[in-house]
Amino acid sequence: MTAARPMPPPTRPRSLPCQPIRTTRRAARCETRTERGFPMHLKRTHTCGELRAEHVGQPVTLCGWVHNRRDHGGVIFIDLRDREGLTQVVFKPEHNAEAHAIADAFRSEYVIACRGQVRHRIEGMVNPKMDTGAVEVYVDEVELLNASETPPFEIEDRLDVSQELRLRYRYLDLRRPMMQRSLMFRSQCFGVIRDYFARQGFVDVETPLLTKSTPEGARDYLVPSRVHPGRFFALPQSPQLFKQILMVAGFDRYVQIVKCLRDEDLRADRQPEFTQLDVEMSFIDEEDIYALIEGLMAEVMQKTLGIAIETPFQRIPYADAMERYGTDKPDLRFGMELVNVGDIAGACEFGVFTRALEAGGQVRGLNAKGAAPKHSRKDIDTMTEWLRDFGAKGLAWMKVDEGGALTSSIVKFFSDEQQATLKERMGAEPGDLLLFVADAPAVVAASLDGLRRRLGAELGLIAKDSFAFCWVVDFPMFLWNAEEQRPDPTHHPFTMPHPEDLDILEERPLDARAYAYDIVLNGTELGGGSIRIHRPDVQERIFRLLNIGEEEAQEKFGFLLDALKYGAPPHGGIALGLDRLIMLLLQRDSLREVIAFPKTQRAVELMTGAPSEVSARQLQELGLRIIT
RNA sequence: GGGGGCGUAGCUCAAUUUGGUUAGAGUACCAGACUGUCGAUCUGGUGGUUGUGGGUUCGAGUCCCAUCGCCCUCGCCA
């Protein structure tokens, strides 16, 4: 006979992924023994990371969490943890029976205060793995400040806990030494940055969080206005227009560390809210920006990691970057540049190549040095399948055998002379694997970029601790938007055209270069900026090209256009993604490792359960109705 | 919106190609022992709606369908 099952709990709404925290009676074990009181009567004198042999003999009081407890029946050892480190505290019945009796009930993550004397560890018991391993504290008095339930996972770096649990119990996850170090490192970087800009006369000005929606660019997060039902504020995608206005207002050098919000899908290196270092300067050109940011990066890396980097950074014109790497954010930590073999491919007998070229496409390839023995036919098939994500219909390959000859099913379509040219151009040597993609230029670029990055990692071409900065410059003003049949700004509509290209703006807009630049670190776009348009006539020409009518321009950016009429100085600036910078400096693979309370890939904050439903009353006040 | 990976004890994982006895291990937790450990040790123990719902089958952790969640990625991110 089975008993009737209890009713299942009601399905939790999707907006509230959190479940109630399970409770046990573990924490109650101490309640009868000591008073868990406040105020504390033991006051901290040192952190758990600072005691050394030189402190021996001193009376100290430490506060922290019970990281580990080792009970030998008589003596009890506790590793006490705070954000600075671990210190072993010792409870011995013959030293202090009362303290020992109290410590008997301690469990992991209890919060305690210990007063005692610093002693040398006895002969042979020094722990070289601990910074504080030369000493220990003999406890004379101990106070339980708070008990703890058994945590859902241990507070250890080496534990690989699921993302879901980490985010739901973020306060425990953040207690782990690795996360503590990440956030303290982040804080240190921010300090160096603020100091750098303060020394150079920058003014920190805050810009509004509740601002105006602009349909261009990323999707806005909207905030309904209660006072004006049916109207909305937008949370800023960046303070772009405000910082330009501040230049018109005469602030000359502006800096802000500011949250930006974009309602787009997430990635490992993209969160819906992120932190930018926003900078704008007057009476400057792009060289001033390069020098400023290079100086900043050198100082941050020197003061936080102790790494000296070379400046100035390499500059790569956009067109070169696309040609050599297939991307506008090349990873310069390794070579393996792309090679255009269109001329050879066009003359060969291989139909896939010739047809791609006839259709206006390209044939380009790269040389995976020494990769031939490591890649079976099957591996290459897997790679080909993977490339479909980038739109590539296929992947052609040739291996270079020990005698230097090309081998593969397509080699027969190439004459001896063509093969020789191919080998020479690609620097082919025995053991190399040559890979080719034939397709539309954009597909070729995206595919080979992906392939290059994948192979760079797989073949171990990326040295640990290497940091390769570069500037990508001379971006085109516009990219063609086939859907809307008009040019779109590559950067944004306030970017100054290159002075040499001012005359061709109207006739050949897609050939016009912009005064825009990106800074790239290890293949990740760290930030970008431009010299801005400060003359209303040029700004109006750009709007015309973008098919933004006078009325529309006035409605959307009228305040900026007006401002430009009242003595706008020449100005320009840049914005850097600080979360990404911290992530790259710490060599972590996700922004979640450097943001205290990040969102999941579906843009949910698992600890609080945001976003959540709101009351009917709240909706009514805002004049909103949910229709789905 | 598309593609892929994952979901089994509090946690991390296993479960013998192709469905078969009572779903195991490590760790955590609980109890006992132990006075120099430091990922303590030893002995014993608790702990499972195999994400959820349906289906196929004599029989489902395993196969099928749907759905939810987490991760990676394409599109998207001026």
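All values reported here derive from a predicted model rather than from experimental measurement. The sequence lines fix the lettering, A, B, ..., with proteins before strands; numbering per chain opens at 1. As a basis for the values below, the full set of heavy atoms in this structure was taken, side chains included, without hydrogen atoms, waters or symmetry mates.
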Is any side-chain N or O of [X] under 3.5 Å from a base N or O of [N], one able to act as donor and the other as acceptor?
{"X": "A:R121", "N": "B:C38", "value": "yes"}
{"X": "A:E94", "N": "B:U35", "value": "yes"}
{"X": "A:E156", "N": "B:U27", "value": "no"}
{"X": "A:R158", "N": "B:G39", "value": "yes"}
{"X": "A:R262", "N": "B:C77", "value": "no"}
{"X": "A:D389", "N": "B:G4", "value": "no"}
{"X": "A:R267", "N": "B:G75", "value": "yes"}
{"X": "A:K129", "N": "B:G39", "value": "no"}

Closest to the [X] side chain: [options]?
{"X": "A:R107", "options": "B:A78, B:C30, B:C38", "result": "B:C30"}
{"X": "A:E154", "options": "B:G75, B:C38, B:U27", "result": "B:U27"}
{"X": "A:H492", "options": "B:C72, B:C38, B:A78", "result": "B:A78"}
{"X": "A:F390", "options": "B:C74, B:G36, B:C29", "result": "B:C74"}
{"X": "A:K92", "options": "B:C77, B:C71, B:U35", "result": "B:U35"}
{"X": "A:A218", "options": "B:U37, B:C77, B:C29", "result": "B:C77"}
{"X": "A:M125", "options": "B:G69, B:C38, B:U35", "result": "B:C38"}

Same-atom distance ([atom1]) from [N] to [M], integer angstrom:
{"N": "B:A28", "M": "B:U12", "atom1": "C1'", "value": "11 Å"}
{"N": "B:A31", "M": "B:U21", "atom1": "C1'", "value": "32 Å"}
{"N": "B:C68", "M": "B:G47", "atom1": "C1'", "value": "26 Å"}
{"N": "B:G53", "M": "B:G24", "atom1": "P", "value": "23 Å"}
{"N": "B:A9", "M": "B:G4", "atom1": "C1'", "value": "29 Å"}
{"N": "B:A66", "M": "B:G59", "atom1": "C1'", "value": "23 Å"}
{"N": "B:C64", "M": "B:U56", "atom1": "P", "value": "15 Å"}
{"N": "B:G55", "M": "B:U16", "atom1": "P", "value": "26 Å"}

Report which part of the nucleic acid [X] touches: base, sugar-phosphate, or nothing (heavy-atom distance under 4.0 Å, all strands).
{"X": "A:D71", "answer": "base"}
{"X": "A:T495", "answer": "nothing"}
{"X": "A:D160", "answer": "sugar-phosphate"}
{"X": "A:Q601", "answer": "base"}
{"X": "A:R592", "answer": "sugar-phosphate"}
{"X": "A:E164", "answer": "sugar-phosphate"}
{"X": "A:I76", "answer": "nothing"}
{"X": "A:D79", "answer": "sugar-phosphate"}

State which residues pass salt bridge (Lys or Arg N to Asp or Glu O under 4.0 Å) with A:D157; sequence neighbours excluded, sorted by chain then number.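 A:D157: salt bridge (Lys or Arg N to Asp or Glu O under 4.0 Å) contacts with A:R181.
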
Quickly work out the [X] [atom1] to [N] [atom2] distance and round it to whole Å.
{"X": "A:N127", "N": "B:U37", "atom1": "CG", "atom2": "P", "answer": "11 Å"}
{"X": "A:E136", "N": "B:U35", "atom1": "CD", "atom2": "C1'", "answer": "13 Å"}
{"X": "A:L266", "N": "B:C70", "atom1": "CG", "atom2": "P", "answer": "11 Å"}
{"X": "A:F106", "N": "B:C29", "atom1": "CZ", "atom2": "C1'", "answer": "19 Å"}
{"X": "A:K329", "N": "B:C77", "atom1": "NZ", "atom2": "C1'", "answer": "11 Å"}
{"X": "A:K212", "N": "B:A78", "atom1": "NZ", "atom2": "P", "answer": "19 Å"}
{"X": "A:I155", "N": "B:A28", "atom1": "CD1", "atom2": "C1'", "answer": "12 Å"}
{"X": "A:M477", "N": "B:A78", "atom1": "CE", "atom2": "C1'", "answer": "12 Å"}

How do A:V161 and A:F77 order along RNA chain B: which one's closest nucleotide is nearer the 5' end?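 It is A:V161, whose closest nucleotide lies nearer the 5' terminus.
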
Contact nearer the 5' end of RNA chain B, comparing A:L159 with A:T490: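 It is A:L159 whose nearest nucleotide is closer to the 5' end.
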
Output every pair passing salt bridge (Lys or Arg N to Asp or Glu O under 4.0 Å) with a member in residues 439-450 of chain A, not counting sequence neighbours, ordered by first then second residue.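 Output for this query lists A:K393-A:D439, A:D449-A:R453.
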
Show your reasoning for whether side-chain contact (heavy atoms from CB on, under 4.5 Å) applies to A:M247 and A:R532. CA-CA 11 Å; A:M247 292 304 103; A:R532 328 294 185 188; over 6 Å; no

Under 3.5 Å for both donor-acceptor distances, Watson-Crick or wobble: does [N] have a partner, and if so which one?
{"N": "B:G24", "value": "B:C13"}
{"N": "B:C77", "value": "none"}
{"N": "B:C30", "value": "B:G44"}

Cation-pi, A:F106 ring and A:R69 (6.0 angstrom, 45 degrees): no

Do any side-chain nitrogens or oxygens of A:S162 fall under 4.0 Å of OP1 or OP2 in B:G7?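 No, outside the criterion.
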
So does A:E550 have more than 12 non-hydrogen atoms from other groups sitting under 6.0 Å from CD? no

Residues A:R170 and A:E605 bridged, charged N to O under 4.0 Å: no

Any Lys/Arg nitrogen of A:D79 or A:R81 sitting under 4.0 Å from an Asp/Glu carboxylate oxygen of the other? no

Applying the side chain to side chain contact (heavy atoms under 4.5 Å, CB included) test to A:V137, which of A:T132, A:L51, A:L80 qualifies?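 The passing option is A:L51.
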
Please round to the nearest 0.5 Å and tell me the distance separating atom CD of A:Q256 and atom CD of A:Q276.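 Result: 10.0 Å between the selected atoms.
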
